[in-house]
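Quantities reported herein were computed from a predicted structural model and do not represent experimental measurements. In what follows, every heavy atom counts, from backbone to side chain, and hydrogens, waters and symmetry copies are set aside.
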Amino acid sequence: MISVSGLSTTYGLPGLRTGWVYGAPQVAEAGAERTCLTSITDSVLCEALACSAPDRHEDYVRAYHRL
């Protein structure tokens, strides 16, 4: 079994096409190795913003609830 999610679903950040996979190490590693074959390369800016999103989780939740 594997679980896949991303920032567009979890944080409402659809422009940041970044996510994660959780599962058996060999499956996750094989997926990571093939990422460049299945998507357009993310920019350095998108990756930097994606890395900071979990740190601002509460801010995103508050903004979502205000909407």
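Remark: Leu67 pairs with no residue by the side-chain contact (heavy atoms from CB on, under 4.5 Å) rule, at least two apart or across chains.
Here the closest non-hydrogen pair linking Gly23 and Ile2 is CA-CG2, 4.1 Å.
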Side-chain donor-acceptor pairs of residues 54-61 under 3.5 Å, sequence neighbours excluded:
from, atom 1, to, atom 2, distance (Å)
Arg56, NE, Asp59, OD2, 3.4
Asp59, OD1, Arg62, NH2, 2.7

